[in-house]
A.B. asks: 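Please find one structure pasted underneath; my questions will follow.
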Amino acid sequence: MAKIRWPLVIRRTHKWIALFVGIQVVLWTLTGFYMVVVHIDTIHGDHLVRAPAAQPYELTTLAPPSAIVAAAPGATEVRLQRLFDQPVWRVEKANGALLLYDGRTGKRLPPPTEADIRALARRIYTGSGNIVSARLLIEAPLEMQSRKPPYWQVEFEGWNRPTLYLSPATGELISRRHNLWRIFDFAWMLHIMDYQGRTDVNNPLLRVATWSAFAMAFSGAWLLLWSFPKRKKKRAAA
């Protein structure tokens with residue numbers, strides 16, 4: 001029986017594994033570098049929107065919450081907030097529907113118009129660029145797969161393509177996107193090897209690539225140690 005030449009077997013194994021997983025290792029390095037260099041707050045787009053200013057409410061002039069609950073059967077949440085600096089009651093129903101009621105009269109308000117959405121987006125956007133487009137989406141774009149439509153997409157001019165997503169029922173900000181976020185999302189897809197949902201960090205393809213990379217590193221370490229010259233014991237002088 002022929003003797004197994006382990007160095008040759010390990011070397012060939014290491015070579016084929018490297019061919020299989022080497023490109024992914026490079027992608028892990030590049031995408032990881034991008035995700036470390038660009039600050040996560042920048043990725044989130046915190047710099048694109050203004051924080052809401054704290055404004056007190058004159059409670060004596062407001063419609064009581066009980067009246068709002070009576071006017072909106074099935075309400076699961078009633079919240080007081082502002083719309084164009086005016087108090088409104090925001091009501092969420094069991095089926096997920098959102099309604100607005102005038103904070104003082106208790107009268108139900110219609111959903112914001114496109115002009116309202118443009119004005120709201122302009123008020124919260126920190127940049128100086130003009131609005132390029134405002135569209136009511138009923139199908140989620142790739143960058144908003146995690147959020148269920150409908151929502152308004154308001155895009156501003158600029159190299160970064162800053163985009164705000166607002167609720168069609170209340171005008172509230174849902175999310176913000178920009179090119180640095182889009183690059184991050186693409187890098188994240190390559191990093192976790194989930195090319196569809198971009199959320200599964202424990203998918204089979206990633207596990208196979210991870211264990212292959214470990215095997216490549218282990219076989220490379222073995223070859224490195226094996227390559228060191230072995231010292232022969234000196235024979236004792238006769």
Side-chain angles (χ1 to χ4, degrees), residues 41 43-158 160-178 181-182 185 199:
D41 289 341
I43 296 299
H44 288 164
D46 296 341
H47 60 291
L48 296 178
V49 296
R50 294 183 176 90
Q55 301 181 46
Y57 295 98
E58 185 59 49
L59 299 180
T60 57
T61 64
L62 298 178
S66 56
I68 304 302
V69 172
T76 58
E77 182 185 82
V78 177
R79 183 195 309 169
L80 182 62
Q81 59 189 45
R82 290 188 180 274
L83 180 66
F84 292 114
D85 298 328
Q86 300 300 317
V88 294
W89 289 104
R90 175 190 182 275
V91 175
E92 183 173 352
K93 305 190 75 172
N95 60 2
L98 297 176
L99 306 174
L100 288 181
Y101 291 81
D102 188 286
R104 294 189 177 90
T105 66
K107 181 182 178 180
R108 182 175 171 181
L109 299 174
T113 63
E114 179 180 342
D116 293 333
I117 292 296
R118 285 174 173 266
L120 289 169
R122 182 69 268 175
R123 286 165 67 95
I124 63 177
Y125 179 56
T126 58
S128 58
N130 295 322
I131 294 177
V132 175
S133 64
R135 297 184 296 165
L136 180 60
L137 304 183
I138 58 174
E139 292 185 3
L142 182 61
E143 63 187 26
M144 287 288 286
Q145 290 293 322
S146 60
R147 300 297 185 101
K148 185 178 179 181
Y151 31 67
W152 282 96
Q153 180 194 65
V154 182
E155 182 178 337
F156 292 83
E157 63 183 5
N160 208 18
R161 281 188 58 212
T163 305
L164 304 183
Y165 289 89
L166 284 76
S167 166
T170 65
E172 295 172 284
L173 177 67
I174 297 175
S175 190
R176 52 265 192 185
R177 297 289 186 261
H178 54 104
W181 183 95
R182 296 177 182 104
D185 186 53
T199 58

A.B. asks: Kindly indicate whether the side chain of Arg182, heavy atoms from C-beta on, has any atom under 4.5 Å from the side chain of Thr163.
C.D. replies: yes
A.B. asks: Only counting residues at least two apart or in another chain, list the ones meeting side chain to side chain donor-acceptor pair (under 3.5 Å) with Gln145.
C.D. replies: none
A.B. asks: Taking side chain as C-beta onward, heavy atoms only, is Glu77 less than 4.5 Å from Arg90?
C.D. replies: yes
A.B. asks: So, for Val49 and Thr126, which heavy atoms are closest and what is the spacing to 0.1 Å?
C.D. replies: C-CG2, 3.5 Å
A.B. asks: With ring pair (Phe, Tyr, Trp, His ring centres under 6.0 Å) as the rule and sequence neighbours excluded, what pairs involving residues 84-127 come up?
C.D. replies: Tyr125-Phe156
A.B. asks: Determine whether Tyr165 and Arg147 make a side-chain contact, defined as any pair of heavy atoms from C-beta on separated by less than 4.5 Å.
C.D. replies: no
A.B. asks: Filter on ring pair (Phe, Tyr, Trp, His ring centres under 6.0 Å), then keep only pairs touching residues 44-79, sequence neighbours left out; what's left?
C.D. replies: His47-His178
A.B. asks: Taking the side chain from Arg50 and the backbone from Arg123, do they hold a donor-acceptor pair closer than 3.5 Å?
C.D. replies: yes
A.B. asks: Please name the pair of heavy atoms, one in Pro141 and one in Tyr151, separated by the smallest distance, quoted to 0.1 Å.
C.D. replies: CD-OH, 3.7 Å
A.B. asks: Is it the case that atom NZ in Lys107 sees more than 12 heavy atoms from other parts of the structure closer than 6.0 Å?
C.D. replies: no
A.B. asks: Would you say Glu139 has more than 12 foreign heavy atoms packed within less than 6.0 Å of its CD?
C.D. replies: no
A.B. asks: Can you list, pair by pair, the side-chain donor-acceptor contacts under 3.5 Å of residues 61-76, counting residues two or more places apart and other chains?
C.D. replies:
{"residue": "Thr61", "atom": "OG1", "partner": "Glu58", "partner atom": "O", "Å": "2.7"}
{"residue": "Thr76", "atom": "OG1", "partner": "Glu92", "partner atom": "O", "Å": "3.0"}

A.B. asks: So Pro87 and Arg104, do their side chains get closer than 4.5 Å, heavy atoms only?
C.D. replies: yes
A.B. asks: For residues 128-137, run the donor-acceptor check on the side chains, cut-off 3.5 Å, and write out each pair with its distance to 0.1 Å, sequence neighbours left out.
C.D. replies:
{"residue": "Arg135", "atom": "NE", "partner": "Gln153", "partner atom": "OE1", "Å": "3.3"}
{"residue": "Arg135", "atom": "NH2", "partner": "Gln153", "partner atom": "OE1", "Å": "2.6"}

A.B. asks: Heavy atoms, side chains only, cut-off 4.5 Å: are Asp185 and Glu143 in contact?
C.D. replies: no
A.B. asks: Could you give the distance from CG (Leu120) to CG (Leu83), rounded to the nearest 0.5 Å?
C.D. replies: 5.5 Å
A.B. asks: Holding to salt bridge (charged side-chain N to carboxylate O under 4.0 Å, His left out), I want the full list of residues that pass it with Arg122, two or more places apart in sequence or in another chain.
C.D. replies: none
A.B. asks: Could you tell me which non-hydrogen atom of Asp102 sits nearest to which non-hydrogen atom of Thr105, and how far apart they are?
C.D. replies: OD1-N, 3.0 Å
A.B. asks: Output the distance between atom CZ (Arg118) and atom CG (Leu164), rounded to the nearest 0.5 Å.
C.D. replies: 12.5 Å
A.B. asks: Quick one: does any side-chain atom of Asn95 pair with a main-chain N or O of Ala97 as donor and acceptor, under 3.5 Å?
C.D. replies: yes
A.B. asks: Please name the pair of heavy atoms, one in Pro112 and one in Pro168, separated by the smallest distance, quoted to 0.1 Å.
C.D. replies: CD-O, 3.3 Å
